[in-house]
A.B. asks: 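One structure, pasted below without further comment.
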Amino acid sequence: VIGLSELLSSAGIAAVVSAGLTYLFKPLLEARLQRSLVLRLEELKAAYVAEHEFLRELIKRNSELYPSLIESVYRSRNIARELESRIPSYAPALRAEFGAHALALTEGLYRARLFLPAQLFSPLHEFKRAAQQFVFEYDLLTGPRPSPGVTAALSETVGKLDTLYEEVVRLAQEVLKISTAKVSTQTTGGGDL
Amino acid sequence: VADRSLEHTWESDYSVDEGVSFTFTLRLMLYHSSSLGKYVVSGRGADSTTGRHWNRGGIPDQLFSRYSDALRAYLQLAKRYAPADVIAEVESDIAREMKLEGGS
């Protein structure tokens, strides 16, 4: 009985001490918890702002880089067609323009390399190489001693530029989320935009 | 036949701006690469005036295990890019090499 009385007494004292300590330190614990939550919230806010800034910068860069790259691709594809159609005569102004676009494309790829996704960089790089190949073959073909086979080689390269142009534009539109769907001309059923 | 090789070179002019022309040298090569253990067929060009390179990677090197296959690819490359007189020279050299290849 004595043992039980002591046990109950000890338990009572422990409960009182515990309640007292909790009462005393509650504001301190609450303050620490609050501070910890505020810090975490600040960290999350900073991460969000950094990510937001990064995305904004990415969009800004893309909106500057992509149109100039696609412009070089589009113009050089068209000039290649025009140059091919004028063969065997040599068109110096167009040839120089093609060279300028091929160079702009090369420089643009260097600048944009970091921001270009792999699926877009690959065909752009291929296009650049095909453009260089075109210059090589065009100069050979319009030179003083052209090879009989280089006409076919040039046609193949123009075909490659055509195919790659389509691929590059399609992929760039996908990356930039540009819709290519045409507005339906039907009056019923709504558009498919 | 591992040490056999072929090389044909010719020059061509091109104009960048009206009235200004440059000369570039184009070279076709067939050689055995001991590091690759294959025959390599390649076409390269360089501008002797400006030092500008032509076809840096434009026509990729082709690799062959058999010398006869490499000879055939070499002839195709010549027919595609070389002038008629160089093609005739290449055809003659290929015929000679094929004969040697058949006899060895």
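Below, chain A is the first sequence line, B the second, and so on; all start at residue 1. Just so you know, these numbers come straight off a predicted model, no measurement behind them.
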A.B. asks: Heavy-atom distance under 4.5 Å to chain A: side chain of B/Gln76, backbone, both or neither?
C.D. replies: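 Neither; nothing under 4.5 Å.
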A.B. asks: Hey, quick one: are A/Val169 and A/Tyr74 part of the same hydrophobic cluster, counting side-chain heavy atoms closer than 4.5 Å, chains of contacts allowed?
C.D. replies: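 Both belong to a single hydrophobic cluster.
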A.B. asks: I'd like to verify something: which residue of A/Ala93, A/Pro148, A/Ala130 has the highest number of heavy-atom pairs under 4.5 Å with chain B?
C.D. replies: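 Highest number of heavy-atom pairs under 4.5 Å: A/Pro148.
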A.B. asks: Please tell me whether A/Phe136 and B/Ile87 are part of a single hydrophobic cluster in this structure, the criterion being side-chain heavy atoms less than 4.5 Å apart.
C.D. replies: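 No; B/Ile87 is not reachable from A/Phe136 via cluster members.
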A.B. asks: Among A/Leu140, A/Leu141, A/Val150, which has the most heavy-atom pairs under 4.5 Å with chain B?
C.D. replies: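 Ranked by heavy-atom pairs under 4.5 Å with chain B, first place is A/Leu140.
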A.B. asks: Which one wins on heavy-atom pair count under 4.5 Å against chain B: A/Gly99, A/Pro146, A/Gly149, A/Ala152?
C.D. replies: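 So the answer, after comparing A/Gly99, A/Pro146, A/Gly149, A/Ala152, is A/Gly149.
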A.B. asks: I'd like to know if A/Leu41 and A/Leu39 are part of one continuous hydrophobic network [Ile/Leu/Val/Met/Phe/Trp/Tyr, side-chain heavy atoms within less than 4.5 Å].
C.D. replies: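 No, A/Leu39 does not connect to A/Leu41 through the hydrophobic network.
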A.B. asks: Taking all non-hydrogen atoms of both residues into account, name the closest pair between A/Ser147 and B/Lys79 and its distance.
C.D. replies: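 Looking at all heavy atoms of both residues, the closest pair is OG-O, 3.1 Å.
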A.B. asks: Could you report the tightest heavy-atom contact between A/Gly143 and B/Ser12, atom names first, then the distance?
C.D. replies: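 That would be CA-OG, 4.4 Å.
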A.B. asks: Please classify the contact between A/Glu156 and chain B as side chain, backbone, both or neither, with a heavy-atom cut-off of under 4.5 Å.
C.D. replies: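 For A/Glu156, the contact with chain B is made by the side chain alone.
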A.B. asks: Do other residues, nucleotides or ligands put more than 12 heavy atoms under 6.0 Å from the CZ atom of A/Arg145?
C.D. replies: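 Enclosed.
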A.B. asks: Check the hydrophobic clustering (I, L, V, M, F, W, Y; side-chain heavy atoms under 4.5 Å; chains of links allowed) and say if A/Tyr110 and A/Phe121 are grouped together.
C.D. replies: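 A/Tyr110 and A/Phe121: separate clusters.
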A.B. asks: When you look at CZ of A/Arg170, are more than 12 heavy atoms from neighbouring residues, nucleotides or ligands closer to it than 6.0 Å?
C.D. replies: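 Yes - once you tally the heavy atoms of other residues, nucleotides and ligands closer than 6.0 Å, there are more than 12.
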